[in-house]
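For reference, the structure is listed below as C-alpha cells.
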Amino acid sequence: MISASHITYYHLCHRKLWLHHRGMRMEDNSQAVAEGQLIGKTTYTRRPQRWRELDLGPLKIDHYDPHTNTVREVKKSPKLEHAHIAQVKYYLYAMEKRGIHGARGVIEYPKHRRTTEVSPLTDADRREIMGWEAEVQRIVSLPQCLPLVKKGYCRNCAFRDFCFV
Ligand code: SF4
C-alpha cells in the first residue's frame with residue numbers, strides 16, 4: 001500500500017523511502033518533524049470549523065474543506081516545496097479514486113507568510129503520479145537498501161543519525 005509518506009520520500013531520498021517501507025521509523029526523534037507537526041496543529045485550531053479530517057484508509061488528510069473542495073497542508077518551510085506539492089497532488093489523486101473529483105490544494109507556510117496553490121489534476125498530472133507509483137513499487141521491492149548518497153536534505157532528515165554513524 002502506497003502512502004503519502006512514500007510519495008514524499010520518493011521525491012526526497014530513495015534510501016529513506018526504502019527504509020520507511022521496511023518499517024524504520026525515526027520521525028519521533030526528529031526536532032524538525034516535531035516542529036512541523038506543531039505548526040500544523042496550532043494553525044488548524046484557529047479555523048477548526050471549516051476544515052475536516054478526511055480518512056482515505058492508508059491516507060489521512062488533516063484538513064479538507066468540503067464547501068470549496070480544497071485540501072490544505074501546513075508546512076514549516078518551503079525549502080522542500082516540490083515534495084509538498086507531490087504529496088498534495090497524491091491526495092487529490094487518491095480522492096479522485098474515491099469519487100471526489102476536481103479538488104484543489106493549498107500549501108500554507110505560516111512562518112513564511114506564503115501560500116502555494118495546487119490546481120485540480122490534469123491528465124498529465126495523473127500520468128505523472130502513476131509513474132511515481134510504479135517507481136515507488138520498484139524501489140521498495142529492491143532486496144537491499146539503497147546506498148547512502150549525501151545531499152543537503154540529510155541535515156534535517158530524521159534518519160541522519162542512522163545513516164551517518
Ligand atoms: S540521512 Fe540522507 S541518505 Fe539518509 S535517509 Fe536521510 S536523506 Fe536519505
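Every number for a ligand or one of its atoms is a count from 1 in the order of the listing.
- Atom OH of Tyr90 and atom CD1 of Ile7 lie 5.0 Å apart (nearest 0.5 Å).
- Close contacts of ligand 1 with Cys13, meaning ligand atoms under 4.0 Å from a residue heavy atom, involve 3 (S), 5 (S), 7 (S), 8 (Fe).
- Set against the non-hydrogen atoms of Cys163, the atoms of ligand 1 under 4.0 Å away are 1 (S), 4 (Fe), 5 (S).
- A salt bridge does not link Arg126 with Glu128: every distance from a Lys NZ or Arg NE/NH1/NH2 to an Asp or Glu carboxylate oxygen is 4.0 Å or more.
- Atoms of ligand 1 found under 4.0 Å from any heavy atom of Lys16, numbered from 1 in the order shown, are 5 (S).
- Within the listing of ligand 1, atoms 1 (S), 2 (Fe), 3 (S), 7 (S) sit less than 4.0 angstrom from a heavy atom of Cys154.
- Checked against a 6.0 Å centroid threshold, the rings of Tyr10 and His6 do not count as neighbours.
- Atom 6 (Fe) of ligand 1 lies under 2.8 Å from an N, O or S atom belonging to Cys157.
- Taking atom 3 (S) of ligand 1 as the reference point, the nearest protein heavy-atom neighbour is Leu148 CD1, 3.2 Å.
- Counting only distance, with no hydrogens or angles, the side chain of His82 and the backbone of His11 share a donor-acceptor pair below 3.5 Å.
- A distance-only check finds no donor-acceptor pair linking the side chain of Arg114 to the backbone of Tyr109 [under 3.5 Å].
- You'll find the side chain of Ile61 stays beyond 4.5 Å of the side chain of Glu53, heavy atoms only.
- Residue contact check: Tyr153 has heavy atoms under 4.0 Å from atoms 7 (S) of ligand 1.
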